[in-house]
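Numbers restart at 1 for each chain; the letters A, B, ... are given by sequence-line order, proteins then strands.
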Number of protein chains: 2
Amino acid sequence: MNNALLVIAHGSRLASSNDEVRALTERLRERTQGRYRTVSCAFLELAEPSIPAAIDAAAAEGSTHIVLLPYFLAGGTHVSHHIPDIVSAKQREHPDVRLELKAYVGASESMLKLLEDLT
Amino acid sequence: MNNALLVIAHGSRLASSNDEVRALTERLRERTQGRYRTVSCAFLELAEPSIPAAIDAAAAEGSTHIVLLPYFLAGGTHVSHHIPDIVSAKQREHPDVRLELKAYVGASESMLKLLEDLT
């Protein structure tokens, strides 16, 4: 198994917010047990590791398939441009690694159900 | 029934992103049919209506219970400070209206399941 899952978050000036993403990633690691060799997170800005650094690290560890899941709610410029641009550039650097950029979380049909349950 | 549901999003420079929140709100209105007199959205910044304007509008329409659901993933400064401050100020302006600020979407236990399903 040479695949890695990267949860991509925006990053916040508030350390507790970034820690929250890290904690969620830990829990997701437990939930997806065995399906990915590694499960980690990366931040677009304001926190570490950056997305390029996390991709480099996963590739250096021998991952040949890296699944990137944008933990974003709406398809703004980050989701539509910034993240795809970063992933495209990294794909050129790592031609032997498959970088699979998933749809952002907010695009999921399940989100509507989640919102309904919360109201 | 004198209650209103307000989905609170950050707002984006990208009009399509704000329209996405509006479309999601439309669908949520259908899903919660009959449970709220009105279901609408409001934006913290970069889009209209603002949160104060949306609260004023709901109150003017006769809503006496306004449920505010922050459509945010992580508990950054917006969720922890900016939105509660806006709601507190509006609560003082509308003492006869109950403003109920819900936990943000990312705090939901269901989010982990949603992420798991997407990976």
Practice task
Report the option among Ala9(A), Ala15(A), Gly75(A) that has the most heavy-atom pairs separated by less than 4.5 Å from atoms of chain B.
Solution key: Gly75(A)
Problem - Toward chain A: residues of residues 105-119 of chain B with heavy atoms under 4.5 Å - result: Val105(B), Gly106(B), Ser108(B), Glu109(B), Ser110(B), Met111(B), Leu112(B), Lys113(B), Leu114(B), Leu115(B), Glu116(B), Leu118(B), Thr119(B)
Exercise for the section: Taking heavy atoms only and a threshold strictly under 4.5 Å, list by residue number the residues of residues 78-88 of chain A that touch chain B; give 'none' if the list is empty. Expected result: Ser80(A)
Problem - Donor-acceptor under 3.5 Å (Asp96(B) side chain, Thr64(B) main chain) - result: no
Exercise for the section: Inspect the contact between Glu30(A) and Arg27(A) and indicate whether a charged nitrogen and a carboxylate oxygen are less than 4.0 angstrom apart. Expected result: no
Handout entry: Test item: Arg22(B) and Asp19(B) side chains (from C-beta on) under 4.5 Å apart, heavy atoms
Key = yes
Practice task
Show your working on side-chain contact (heavy atoms from CB on, under 4.5 Å) between Ser40(A) and Leu6(A) and close with a plain yes or no.
Solution key: CA-CA 5 Å; Ser40(A) 49; Leu6(A) 266 190; 3.3 Å; yes
Problem - Backbone N/O of His65(B) and side chain of Asn2(B): donor-acceptor pair under 3.5 Å - result: no
Practice task
Consider only side-chain heavy atoms of I, L, V, M, F, W and Y, link residues closer than 4.5 Å, and tell whether Val39(A) and Leu68(A) are in one cluster.
Solution key: no
Completion exercise
So CG of Leu73(A) and NE2 of His10(A): to nearest 0.5 Å the spacing works out to 12.5 Å
Practice task
For Pro95(A) and Arg92(A), work out which heavy atoms get closest and say how close.
Solution key: CD-O, 3.6 Å
Problem - Under 4.5 Å from any heavy atom of chain B - which part of Phe72(A) - result: backbone
Handout entry: Atom group of Ser12(A) that falls short of 4.5 Å from chain B, counting heavy atoms
Key = side chain
Handout entry: Check: His94(A) main-chain N/O paired with Gln91(A) side-chain donor or acceptor under 3.5 Å
Key = yes
Practice task
Check whether any side-chain heavy atom of Asn18(A) sits under 4.5 Å from a side-chain heavy atom of Phe43(A), and report yes or no.
Solution key: yes
Completion exercise
Highest number of heavy-atom pairs under 4.5 Å with chain B among Thr32(A), Val67(A), Leu24(A) belongs to Leu24(A)
Problem - Close contacts, residues 97-104 of chain A versus chain B, judged by heavy atoms under 4.5 Å - result: Lys102(A), Tyr104(A)
Problem - Per-residue contact mode, Arg35(B) against chain A (heavy atom under 4.5 angstrom) - result: side chain
Handout entry: Atom pair OH (Tyr36(A)) and CG (Asn3(A)), whose distance is rounded to the nearest 0.5 Å
Key = 6.5 Å
Exercise for the section: Would you check if Leu28(B) and Leu5(B) make a side-chain contact, meaning some heavy-atom pair closer than 4.5 Å? Expected result: yes
Handout entry: Part of Leu69(B) within contact of chain A (heavy atom distance under 4.5 Å)
Key = side chain
Practice task
Please list, in residue-number order, every residue in residues 49-63 of chain B that has a heavy atom less than 4.5 Å from any heavy atom of chain A; write 'none' if there are none.
Solution key: none
Exercise for the section: Mind listing the closest non-hydrogen atom pair of Arg29(A) and Glu26(A) along with its distance? Expected result: NH1-OE1, 2.9 Å
